[in-house]
Amino acid sequence: MADAWSQTNTGMANSSRTFSDVRKVILSAHKNTGAQDKVGFYDTWAENYEQDVALLDYRAPLLAAECVSSFFRGDREKATVLDVACGTGLVSAHLKKMGFRHFVGIDGSLGMLELAKKTGLYQQLTQCLLGQDEIPVKAETYDIVIIVGALSVGQVPLTVIRELWDVTKPGGYVCMTTRGNADNQEYKAELEQIIRALDEEQKWSNVTVVEVEEWEKAVSEQDSGYIPGTIYLYQKKLK
């Protein structure tokens with residue numbers, strides 16, 4: 001992991017980052033390391049994060065926001081959004097352009113949260129190590145709960161899915177995304193198994209599942225061109 005950090009730090013002094021630079025960082029981010037190492041990695045990456053995901057042509061934040069916007073039928077100006085693993089605020093920035101106004105963000109990285117704070121988007125930002133700390137939110141609080149980019153191998157444990165359901169208001173929406181590339185197939189299958197289990201338990205119902213062919217540029221030697229991704233949008237059952 002130290003190599004990944006030095007790679008990132010080199011980029012901080014050099015604005016002419018290349019896709020090759022980003023590839024090395026992304027591969028490091030996907031490694032299955034401990035929670036504290038992962039947080040340290042994202043703290044170090046924070047300053048270059050938005051520049052790097054632009055080079056990666058990372059489309060998930062926009063696509064997920066568009067998915068939520070397409071199906072949400074409530075009052076956008078009053079709706080409350082919990083942006084889980086919010087990073088620097090990319091998802092909420094898109095949702096704001098679509099008429100949403102009230103955002104709360106949580107993330108494990110203080111470096112990311114500092115940058116999210118500078119956007120002025122969020123009414124509240126809280127550090128939370130997902131899967132290790134319980135989401136610091138009362139049950140049935142949010143109209144929309146969205147997690148983009150964090151549900152993948154080496155990132156956030158799947159135990160968080162039931163927590164996402166728990167903090168959503170009855171009738172509210174949970175939006176989740178994951179990558180569909182080769183090294184994420186096992187995680188994706190387990191994620192879908194948990195999603196189906198909650199559906200079978202009558203906890204939520206499927207609104208839409210969107211398969212996206214061009215999710216982001218491939219970085220692994222196993223993949224080429226663009227890797228696919230999936231958006232899952234579920235609505236919590238009314239009591």
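None of the values given here were measured: they were computed from a predicted structure. The chain is numbered in sequence order, starting from 1.
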Is the shortest side-chain heavy-atom distance between Glu114 and Glu47 below 4.5 Å?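 They are not in side-chain contact.
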Non-hydrogen side-chain atoms of Val145 and Val84 separated by less than 4.5 Å: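 The answer is yes, as the side chains (C-beta and beyond) meet within the 4.5 Å cut-off.
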Tell me if a side-chain donor or acceptor on [X] pairs with a main-chain N or O of [Y] at a distance below 3.5 Å.
X	Y	answer
Asp133	Cys128	no
Trp45	Met112	no
Thr119	Leu115	no
Gln235	Tyr173	no
Gln123	Phe103	yes
Lys237	Ser205	no
Arg17	Asp52	no
Trp204	Trp165	no
Asp57	Lys217	no
Arg179	Glu216	no

Give, for atom [atom1] of [X] and atom [atom2] of [Y], the distance between the pair rounded to the nearest 0.5 Å.
X	Y	atom1	atom2	answer
Leu151	Leu130	CG	CG	9.0 Å
Asn206	Asp199	CG	CG	7.0 Å
Leu113	Asp43	CG	CG	8.5 Å
Thr177	Ile146	OG1	CD1	8.0 Å
Leu82	Thr168	CG	OG1	8.0 Å
Ile106	Ile135	CD1	CD1	4.5 Å

Does one hydrophobic cluster hold both Val153 and Val160, with members joined at side-chain heavy-atom distances below 4.5 Å?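 Yes, because Val153 and Val160 connect within a single hydrophobic cluster, where side-chain heavy atoms sit under 4.5 Å apart.
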Connected via hydrophobic side-chain network under 4.5 Å: Val68 and Val207: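 Yes: a chain of side-chain contacts under 4.5 Å links Val68 to Val207.
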Provide the closest heavy-atom pair for [X] versus [Y] in the form atom of the first, atom of the second, distance.
X	Y	result
Thr126	Pro136	CG2-CG, 3.9 Å
Cys67	Val210	SG-CG2, 4.3 Å
Ala182	Gln222	CB-NE2, 4.1 Å
Pro228	Trp215	C-CB, 3.5 Å
Cys175	Ile231	SG-CG2, 3.7 Å
Met98	Arg76	O-NH1, 2.9 Å

Could you check Leu198 against Arg162 for side chain to side chain contact (heavy atoms under 4.5 Å, CB included), going step by step and ending with a plain yes or no? CA-CA 8 Å; Leu198 284 166; Arg162 286 184 181 268; 3.3 Å; yes
Other residues, nucleotides, ligands: >12 heavy atoms within 6.0 Å of Gln185 CD: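 It does: Gln185 CD has more than 12 such atoms within range.
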Taking atom CD of Glu213 as the centre, does the number of heavy atoms from other residues, nucleotides or ligands within less than 6.0 Å exceed 12?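 Incorrect, the count does not exceed 12.
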Compile the donor-acceptor pairs under 3.5 Å between side chains in residues 85-97 and protein atoms, sequence neighbours left out, one pair per line.
residue: Thr88; atom: OG1; partner: Glu50; partner atom: OE2; Å: 2.7
residue: Ser92; atom: OG; partner: Asp83; partner atom: OD2; Å: 2.8
residue: Ser92; atom: OG; partner: Tyr122; partner atom: OH; Å: 3.3

Which salt bridge (Lys or Arg N to Asp or Glu O under 4.0 Å) pairs, counting each pair once, include a residue from residues 141-155, with sequence neighbours left out?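 Qualifying pairs, neighbours excluded: Asp143-Lys169.
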Is the Phe72 ring parallel, tilted or perpendicular to the Phe100 ring (thresholds 30°, 60°)?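 Phe72 and Phe100: perpendicular rings.
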Please report the C-alpha distance between Val219 and Leu56 in whole Å, then the side-chain angles of each, then the deciding distance to 0.1 Å, and finally whether the side chain to side chain contact (heavy atoms under 4.5 Å, CB included) criterion is met. CA-CA 9 Å; Val219 296; Leu56 190 66; 3.8 Å; yes
For the pair Glu192 and Lys188, find out whether any cationic side-chain nitrogen is under 4.0 Å from an anionic carboxylate oxygen.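 Looking at Glu192 and Lys188, the cut-off is met.
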Check against side chain to side chain contact (heavy atoms under 4.5 Å, CB included), Met176 and Tyr234: CA-CA 9 Å; Met176 303 158 281; Tyr234 277 72; 4.2 Å; yes
As a quick check of understanding, evaluate side chain to side chain contact (heavy atoms under 4.5 Å, CB included) for Val174 and Tyr232, giving each step before the final call. CA-CA 8 Å; Val174 182; Tyr232 308 89; over 6 Å; no
